[in-house]
Amino acid sequence: MTTPILEIKNLQKRFLWGKGWFQEPSYVHAVNGVNLTVNEGETLGIVGESGCGKSTLGRCILRLVEPTEGEIRFEGSDIRTFSKAGMHGARRNMQMVFQNPFDTLNPKLTIQHILTEPLIAHHIPIQQRQALVEETIEIVGLGKRHLARYAHEFSGGQRQRIGIARALMLRPKLIIADEPVSALDVSIQSQILNLLQDLQEQFSLTYLFISHDLSVVEHIADRVAVMYLGEVIELAKKEDLFRKPMHPYAQSLLSAVPVSDPDEKRERIILTGDLPSPSNPPTGCKFHQRCWACMDVCKKEVPALKEVEGRMVACHLY
Amino acid sequence: MSELNKTIPVRSIWRKERSLPRFELLNKIMQKRKAKYSFFMMLGIILIGIIGPWIAPHDPTKTYYEAFMQGPSAEFWLGTDAIGRDILSRLLYGTRVTLTVAVLASAMTFVAGTLIGVTSAYLGGIFDNVMMRIMDVLLALPGIVLALAIVAALGPSQENAMIAIGIASIPGFAILVRGAALTIKGSGYVEASRSIGSSNWWIIINQLIPNISNILIVYTTMFIGSAILGTSALGFIGLGAQPPTPEWGTMLSEGKDYLREAWWLATFPGLAITIVVFTVYMLGDALRDIFDPKS
């Protein structure tokens, strides 16, 4: 039995790009009609290359950037209609872990101060704050002695633990992890990933895990959504996707993952051309200019995300 | 073992690790020669401002009838003015007047300028646009002209000169602060704070302002220098502190009529202004070097 905790319907985000006095305003479609459902307790991975809108999607869900259109239903209610106070309440249940641990901790504040911030923002009684801070810093693998220090005294991995502790302070239900390990060394990456998995069990968390690193997503995700130019083009169970990707873009993406077995021969699909400009996307299927299986219909019609063999694919091939 | 102690300066490692950011500034000032000397000179000037009235040899407003326009002598070290008042005593009393006006005017600029600059940068949008256009309009008038207009409207007095100088330097300060705050606004920890659900005011006070405090310190120091010049300028044209208050600009203006006969009348107040402004600017410059070694 899976209950959806987060449902995203036709989410769009356009950024105003050029505007002059005598000029038509032009927009960048960062997120273009995304439909996703995240079930309680699962980890949904979102992969895609740079600039495909995966981070913007994460920010839209927390309304750090205001979506242009669409619905974001968190536990059944559309948070886009929430007032300022309502959104403040909703933030208690959804927190974010950021990509760059060197930039997201205020250099002028002690860790104690940084971790207390969510408690102040959500009016947790003063008597409980200290205990919560001490408990949480130990949960993420640091100690009470670290609380009096400043962020610059920690290594990248430790800082990311502090970032996770901060997201965990309010015991949220959903954590949006925006490339939480991509700024870290590989050896530290696995520690942080294991920590995230332990926390998921302990606090029955739901993760929306945004990454460009396929091996990381393979390690942690239950289901994976592949994004291309602001759209979800394939959404499948992790095992299905990694065993047999269906969308040509997903196939090329997965063929780029290095294989540890030197005898295993795999065809490497190399794409030609660059990611098209999101301000002037191609007609039809957005991938058709780089696709090796391109048909005439691809140039004209936008493929809908439809169910194929127990997964969702947006391609005219199926 | 002794070899080890020589190569690793244990104490400096310890200090680096333990020194809190708020003591870092004092340490750094002591490390640089320019910063150190200007800092101590500034301390000395402030000390004179505080104890001036007690160390002054004479009453600054008392007329010595036997000594009109006397040159520097053993009794009147820096001479007396046209109506027989001791210049040294007037200078010592004047230090307090000038410093008070300059510091209070800068405090005014600091509070209003920081508030406008930071809220403008953080809130953005229409508020930012309107605020910055107002600042542009004020900035289009030269500061001293704006101050003149304000004093003319309020009437000449020491308090009004202070208010005028404070208001006249707000636009420049606000624009500088806004620029600095914009870079902090774009940083990850401000976004993290927003995602946590902290209120805008909390973010401005706890995230923005501490991170631009360096810039605020440097700019405020620089603005104190301009405020001293401004106070003296207003005093010189008779719109600052009113006689018989000993004020440097007023003294300079009284002395200018007797430059030929009594050089000491204008020279010493002029020197006093020069030394103080020079010290303040040098301190500001040194602080900027400390905070931003790149430029």
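Just so it is clear, the structure is predicted and the values come from calculations on it, not from any experiment. Chain letters run A, B, ... following the sequence lines, proteins first, then strands; residues in each count from 1.
- Heavy-atom pairs under 4.5 Å with chain A peak, among B:G197, B:S187, B:A192, B:S195, at B:S195.
- Classification of the B:F223-B:F173 ring pair by plane angle, with boundaries at 30° and 60°, yields perpendicular.
- For A:I176, no part sits under 4.5 Å from any heavy atom of chain B, backbone or side chain.
- A side-chain donor-acceptor contact under 3.5 Å links A:Q200 and A:T43.
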ring-ring contact (aromatic ring centres under 6.0 Å, His included) between A:H146 and A:F154, worked out: CA-CA 9 Å; A:H146 295 110; A:F154 292 94; 5.5 Å; yes
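- Cation-pi check for A:K13 over A:F15 is met; the charged atom lies under 6.0 angstrom from the ring centroid and within 45 degrees of its normal.
- At a heavy-atom cut-off of under 4.5 Å, chain A is reached by no residue from residues 100-132 of chain B.
- Residues A:E179 and A:S55 have side chains that never bring a donor and an acceptor to within less than 3.5 angstrom of each other.
- For B:K34, the NZ atom is densely surrounded, since the number of other residues' heavy atoms within 6.0 Å is greater than 12.
- A:R161 and A:Q191 form a side-chain donor-acceptor contact under 3.5 Å, judged by distance and modelled atom types alone.
- Only the side chain of A:Q95 comes within contact range of chain B, with at least one heavy atom under 4.5 Å from a heavy atom of that chain.
- In this structure the side chain of A:L11 reaches within 4.5 angstrom of the side chain of A:I72, judged on heavy atoms.
- Atoms CZ and OG1, from B:R178 and B:T183 in turn, are 11.5 Å apart once rounded to the nearest 0.5 Å.
- Taking a 6.0 Å sphere around CZ of B:R133, one finds it holds more than 12 heavy atoms contributed by other residues, nucleotides or ligands.
- Contact tally against chain B (heavy-atom pairs below 4.5 Å) for A:L62, A:L105, A:V97: the top residue is A:L105.
- Rounded to the nearest 0.5 Å, atoms CZ (A:R159) and CZ (A:R166) are 12.0 Å apart.
- Note: A:Q112 CD to A:E134 CD = 7.5 Å, rounded to the nearest 0.5 Å.
- Residue contact with chain B, scored on non-hydrogen atoms closer than 4.5 Å, involves the side chain of A:L109 exclusively.
- Under the 3.5 Å distance criterion, with hydrogens and angles disregarded, a donor-acceptor pair is assigned to the side chains of A:Q99 and A:S182.
- For a residue to count as touching a neighbouring chain, one of its non-hydrogen atoms must lie under 4.5 Å from one of that chain's; by this rule A:L64 touches chain B with backbone and side chain alike.
- Proximity to chain B (any heavy atom under 4.5 Å) is shown, for A:N100, by neither the backbone nor the side chain.
- Identified by a heavy-atom distance below 4.5 Å to chain A, the contributing residues of residues 204-220 of chain B are B:N206, B:Q207, B:P210, B:N211, B:S213, B:N214, in residue-number order.
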